[in-house]
Amino acid sequence: MARILITGVTGFIGSHLAPILVDDHEVFGLVRPVARRGADLAAGVVEVPGDLADPQSVRHVLRTVEPDVVVHLAAATHVSHSFDHPYLYVTTNIHGTLHVGHGLVDLGLAERSRLVYASTAEVYGIQPPGPVTEDATLAPSSPYANSKSMTDTYLRMMGPVYGLQATLLRSVNSYGRVRDQGFLIEYLVTAMLRGETVYLGMPDSVRTYMHVDDHVAAYRAVIERPGTAGEVFNIAPDETVTNREVCLRLAALLDYDPDRVVFGEYPPGYPNRPAASDQPSIELDASKARRELGWRPRVSLDDGLRRLVEGWRARLGE
């Protein structure tokens, strides 16, 4: 039974990961006290108050828990929002991550504690068409992606230089939220359910969307497989679609008139994202994760969309 510390434990991935770990491990969740209001921890998770922005606070948490594994999920994640608030992404994503990595080293925990870090497919930026492998040159095209790229490369530097045992997961966009409507698929579902006009800014962009169950399964696979320190894994299903295709599939599921979709425009009030920053394609080669972790996606896009529609119908019907 390992002692596992999860940052971002009340966030989207953390709140789904913690419940599947508590039966086999001691699970601790770092929770910023002001963020605790209204956030539910999974049963069996031990709450540890702390603030990633404060290096002394992070060290206190690490010293208290002495974790075997740290799963660092906490981050500011909205790509479009990052253009208007770049400094927030530097403080949260870069400084917070360095506080965790250097905290483990400075406390002498680097040899006994593994760090599993949530990188992102966004670090690849604009690439040639086709699946991208882990050895591709990183070319981030947003403040969010750049903040994750910087921490990605920094943690990989800390392995040979400081002895940090870090494993990085570069995952594609996940869906399955039934509270947050700020991500594309969740926005499409909720707008259609409410009978609102739908706006789709980049309909021809090619994407790979992954259900949250498959996403957390990848983290569990890394947690339970020692010997991955220094490795980077792409995490993604095989099926790629355009945003237009996803939108039309949802319209068919919800009996929504596709003529009401405004293609090529963002919703009113949408953050100002430069068009040049939007990747025409985000497509990953995840064969390494399948081969070395034994991970493979189990939820098809059609099945995942149906689950999400059912979840939001129940939510909005409350």
Side-chain angles (χ1 to χ4, degrees), residues 77-80 82-83 118-153 156 168-176 183-188 198-212 214-215 218 231-252 258 261-266 270-293 295-305:
T77 59
H78 286 264
V79 177
S80 298
S82 73
F83 287 96
S119 187
T120 169
E122 292 280 344
V123 299
Y124 292 115
I126 298 175
Q127 299 280 343
V132 177
T133 58
E134 288 87 351
D135 58 359
T137 300
L138 305 188
S141 59
S142 70
Y144 163 69
N146 197 60
S147 72
K148 298 298 278 188
S149 174
M150 290 176 69
T151 49
D152 185 308
T153 56
R156 286 185 287 132
L168 281 63
L169 272 62
R170 295 176 183 158
S171 304
V172 293
N173 295 333
S174 293
Y175 66 96
F183 292 81
L184 178 64
I185 291 184
E186 287 79 2
Y187 157 70
L188 294 174
V198 167
Y199 297 84
L200 196 60
M202 299 293 286
D204 297 320
S205 294
V206 175
R207 295 290 184 266
T208 310
Y209 290 104
M210 179 166 59
H211 190 268
V212 61
D214 287 331
H215 197 155
E231 297 291 343
V232 177
F233 295 98
N234 285 342
I235 305 297
D238 293 321
E239 182 179 6
T240 58
V241 291
T242 64
N243 286 334
R244 184 190 305 271
E245 289 176 277
V246 170
C247 182
L248 294 178
R249 287 193 196 185
L250 285 170
V261 180
V262 180
F263 292 107
E265 292 185 25
Y266 289 105
Y270 190 80
N272 182 26
R273 176 175 183 170
S277 73
D278 201 316
Q279 303 97 309
S281 174
I282 300 179
E283 203 176 341
L284 301 188
D285 179 341
S287 57
K288 180 180 177 181
R290 288 162 170 73
R291 183 176 64 252
E292 298 185 17
L293 299 177
W295 172 88
R296 61 189 63 255
R298 304 292 183 186
V299 183
S300 70
L301 181 58
D302 285 335
D303 183 27
L305 294 179

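What you are looking at is a predicted structure, and each value in this text was computed from that prediction instead of being measured.
- Distance check, rounded to the nearest 0.5 Å: OG of Ser119 to CG of Leu168 gives 5.5 Å.
- Note that CG of Leu284 is 6.5 Å distant from OG1 of Thr208, once rounded to the nearest 0.5 Å.
- Residues Leu200 and Leu184 are in side-chain contact: their nearest non-hydrogen atoms beyond the backbone lie under 4.5 Å apart.
- Of all heavy-atom pairs spanning Pro140 and Ser149, the tightest one is CG-CB, 3.8 Å.
- In plain terms, the two heavy atoms of Asp214 and Met210 that are nearest each other are CB-CG, 3.8 Å.
- Contact of the Glu186 side chain with the Tyr175 side chain is registered, since non-hydrogen atoms from C-beta on lie closer than 4.5 Å.
- Atom CZ of Arg249 is separated from atom CD1 of Ile185 by 10.0 Å, given to the nearest 0.5 angstrom.
- Side chains of Thr133 and Asp135: a donor-acceptor N/O pair is present below 3.5 angstrom, by distance only.
- By the ring pair (Phe, Tyr, Trp, His ring centres under 6.0 Å) test, Tyr270 pairs with Tyr266, sequence neighbours left out.
- Judged as a salt bridge (Lys or Arg N to Asp or Glu O under 4.0 Å), and not counting sequence neighbours, Glu265 has no contacts.
- Residues Arg290 and Asp238 meet the side-chain proximity criterion, which asks for heavy atoms closer than 4.5 Å.
- A heavy-atom distance below 4.5 Å is found between the side chains of Leu138 and Tyr124.
- Under a 3.5 Å cut-off, the side chain of Asn234 and the backbone N or O of Asp285 do form a donor-acceptor pair.
- Residues that satisfy the salt bridge (Lys or Arg N to Asp or Glu O under 4.0 Å) test with Arg298, not counting sequence neighbours, are absent from this structure.
- Between Arg170 and the choices Thr120, Val123, Ile235, the side-chain contact (heavy atoms from CB on, under 4.5 Å) rule is met once, by Val123.
- To the nearest 0.5 angstrom, Leu248 atom CG is 11.0 Å from Asn243 atom CG.
- Ion pairing between Glu134 and Arg156 fails under the 4.0 Å rule for side-chain N and carboxylate O.
- In this structure, the side chain of Lys148 does not engage the main chain of Thr77 through any donor-acceptor pair within 3.5 Å.
- A 4.5 Å side-chain heavy-atom check between Leu169 and Trp295 finds every atom pair outside the cut-off.
- Residue Arg207 holds its CZ atom at 10.5 Å from OG1 of Thr242, rounded to the nearest 0.5 Å.
- Between Ser141 and Gln279, some side-chain heavy-atom pair lies under the 4.5 Å cut-off.
- Taking NE2 from His211 and CG from Leu301, the interatomic distance works out to 10.0 Å, rounded to the nearest 0.5 Å.
- Minimum heavy-atom separation, Tyr187 to Tyr199: OH-N, 2.9 Å.
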Does the pair Arg244 and Asp204 meet the rule for a side chain to side chain contact (heavy atoms under 4.5 Å, CB included), with working shown? CA-CA 6 Å; Arg244 184 190 305 271; Asp204 297 320; 3.2 Å; yes

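- In this structure the side chain of Ser142 reaches within 4.5 angstrom of the side chain of Ser82, judged on heavy atoms.
- Using a 4.5 Å heavy-atom cutoff, the side chains of Asn173 and Phe183 are not in contact.
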